[in-house]
Amino acid sequence: MNRELHFTQKLLAWHRNDNKRIMPWKGEKNAYKVWLSEIILQQTKVEQGLAYYLRFLETFPNLRDLAEAEEDEVLRLWQGLGYYSRARNLHFTAKEVQAKYGGIFPKSSTELIQLKGIGEYTAAAISSFVNKEPIAVVDGNVIRVLARYFRIQLPFDSAEGKNFFREKANHLIDQQNPDLYNQAIMDFGATICKPKNPDCAACPLMDSCLAKQDNLISELPLKTKKVAIKKRYFIALYIETSHGIALQKREEEDIWKGLYQLPSFELKAFTKNLELQVNEILKREFPAEHFKLIELGKMQKQKLSHREIQIVFVHLKSQNEQILSDSYIYTRNLAKFAFPKVFILYFQSKGII
DNA sequence: AACCCGGGGCC
DNA sequence: GGCCCAGGGTT
């Protein structure tokens, strides 16, 4: 038995021996449900996405329900999960499939990949799970498992590396059971061949794993690029007005696009005299307004994969009856809007929601 | 090819 | 504090 066939057969046997992780979308043949689960699980761990999946299905039992929803409602359901373009693209594609395909999801990967929010991985996942199309998924799990077992010392974040891993994966996939194979290798990567402290003792492939033999487990897979973490600084104003709390929607091509926030102003940095910075912003943005300062909050940090966000929340009470700005929304029910996590945490700390 | 987009958990 | 996660879109 050659090395590739051995790998595939051992993996399928491991998967058959009740090593499957239990998830509601496993074995699902409804393309809508499979698609929904795959979008939610992009760059997201199963434990984090599960509750969102269940809530989405409850709210939008089928594609048409989702297509007919308002984008704000979709984003509200997505609140806290991150990568919000996934939610916007999810809604866009629901409408597109409803309009162009009569509500029936296309099944082939070449059609699927043309839809917004569906890339190589997701097209392979949906078409193999729903239609048994023999196309291999290549996600973080697959790259790690292949890099180690076959001792692939090519960085995967390069064009050459991507091509190599894709071709290798498509060479390994079981042609009769591509769905089971794709499930198996991802489950295997997530539970046995983990990034840190892999469970080699329980690994059915340990004896023939080249990285294990050469003590390269902790070195593989290779990656060339390193993410630069930039810092961003904001002052956010929680303003009580006679019309309600002032909000603004983030419309620009930037982080948290489509979500709502308290009126916020970005700074190059915070200085020692924070109150002075706040007063300068108030004078600049609301020259005719008078505020009562209720509370100058402590600086809050939110760490993201590629950003560190620092926000100072300022609680103010407007002393005038006029609205602050036409561009703001005024509400007494914050729970209706989708906010970035850092705002949710602030509202919770104040006991507002 | 480089850069952008969140949040959580693990070490 | 760094790394990774059932990645994809834009430039």
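Here is how names work: the chains are called A, B, and so on, in the same order as the sequence lines, proteins then strands, and each is numbered from 1.
Between Y32(A) and F60(A), the distance separating the two ring centers is not shorter than 6.0 angstrom. When ring centroids are compared, F56(A) and W78(A) come within the 6.0 Å threshold.
With the nearest nucleotide of DNA chain C identified for both V46(A) and I113(A), V46(A) has the one nearer the 5' end. Of the two residues contacting DNA chain C, namely G119(A) and P195(A), the nearest-nucleotide position lying further toward the 5' end is that of P195(A).
Taking the six-membered ring for Trp and thresholds of 30 and 60 degrees, F150(A) and F7(A) have ring planes inclined between 30 and 60 degrees apart.
Within the nucleic acid shown, W78(A) has no heavy atom closer than 4.0 Å to any nucleic acid atom. Residue K230(A) is classed as a sugar-phosphate contact, given heavy-atom separations below 4.0 Å to backbone atoms only. Among the heavy atoms of the strands lying under 4.0 Å from T122(A) are primed sugar atoms or P, OP1, OP2 only; no base atom is included. Residue contacts shown for A228(A) are absent, as no nucleic acid heavy atom lies under 4.0 Å away.
With both ends at atom P, the span from dG6(B) to dT11(C) equals 16 Å, rounded to whole Å. Rounded to a whole angstrom, the distance from the P atom of dC11(B) to that of dA6(C) is 15 Å. Separating the C1' atom of dG9(C) from that of dG8(B) is a span of 23 Å, rounded to the nearest Å.
Regarding K226(A), its NZ atom lies at a distance of 14 Å from the P atom of dC4(C), rounded to whole Å. Here the P atom of nucleotide dA6(C) and the NZ atom of K26(A) are 12 Å apart, to the nearest Å. For the pair E219(A) CD and dC3(C) C1', the computed distance is 14 Å after rounding to whole Å. Atom C1' of nucleotide dG7(C) and atom CH2 of W35(A) are separated by 16 Å, given to the nearest angstrom. Separating the NZ atom of K225(A) from the C1' atom of dG2(C) is a distance of 18 Å, rounded to the nearest angstrom. The nearest whole Å value for the distance from the CD atom in E38(A) to the P atom in dG8(C) is 9 Å. As rounded to whole Å, 13 Å separates atom P of dC4(C) from atom CG of N141(A). To the nearest angstrom, C1' of dG7(C) lies 12 Å from CG of N89(A).
For D174(A), the salt bridge (charged side-chain N to carboxylate O under 4.0 Å, His left out) test picks out no residue, with sequence neighbours left out. Residues that satisfy the side chain to side chain contact (heavy atoms under 4.5 Å, CB included) test with T241(A), not counting sequence neighbours, are I239(A), H243(A), S318(A), L324(A), Y330(A).
Contacts with DNA chain C (heavy atom under 4.0 Å) in residues 125-140 of chain A: D139(A), G140(A), listed by number. Against DNA chain C, the stretch residues 165-186 of chain A makes heavy-atom approaches under 4.0 Å through Q183(A), M186(A).
R166(A) has a carboxylate O that lies under 4.0 Å from a charged side-chain N of E120(A), or vice versa, which qualifies the two as a salt bridge.
Phosphate proximity of dC4(C) to K223(A): present, with a side-chain N or O under 4.0 Å from OP1 or OP2.
No side-chain N or O of N89(A) forms a donor-acceptor pair with one of R86(A) less than 3.5 Å apart. Using modelled atom types and a 3.5 Å distance limit, the side chains of S108(A) and E111(A) yield a donor-acceptor pair. A donor-acceptor pair shorter than 3.5 Å can be found between the side chains of E133(A) and S109(A).
One hydrophobic cluster, built from ILVMFWY side chains closer than 4.5 Å, cannot hold both Y346(A) and V314(A); they sit in different ones.
Legend: ring-ring contact (aromatic ring centres under 6.0 Å, His included) pairs involving residues 87-111 of chain A, not counting sequence neighbours, sorted by first then second residue: W35(A)-F105(A).
For the pair R144(A) and F156(A), the cation-pi criterion (under 6.0 Å, within 45° of the ring axis) is not fulfilled.
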**Study point:** Under 4.0 Å protein heavy-atom contacts per nucleotide of nucleotides 5-11 of chain B, with B for base, S for backbone only and - for none
**Key:** BBBB--S
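A heavy-atom distance below 4.5 Å is found between the side chains of F270(A) and M299(A).
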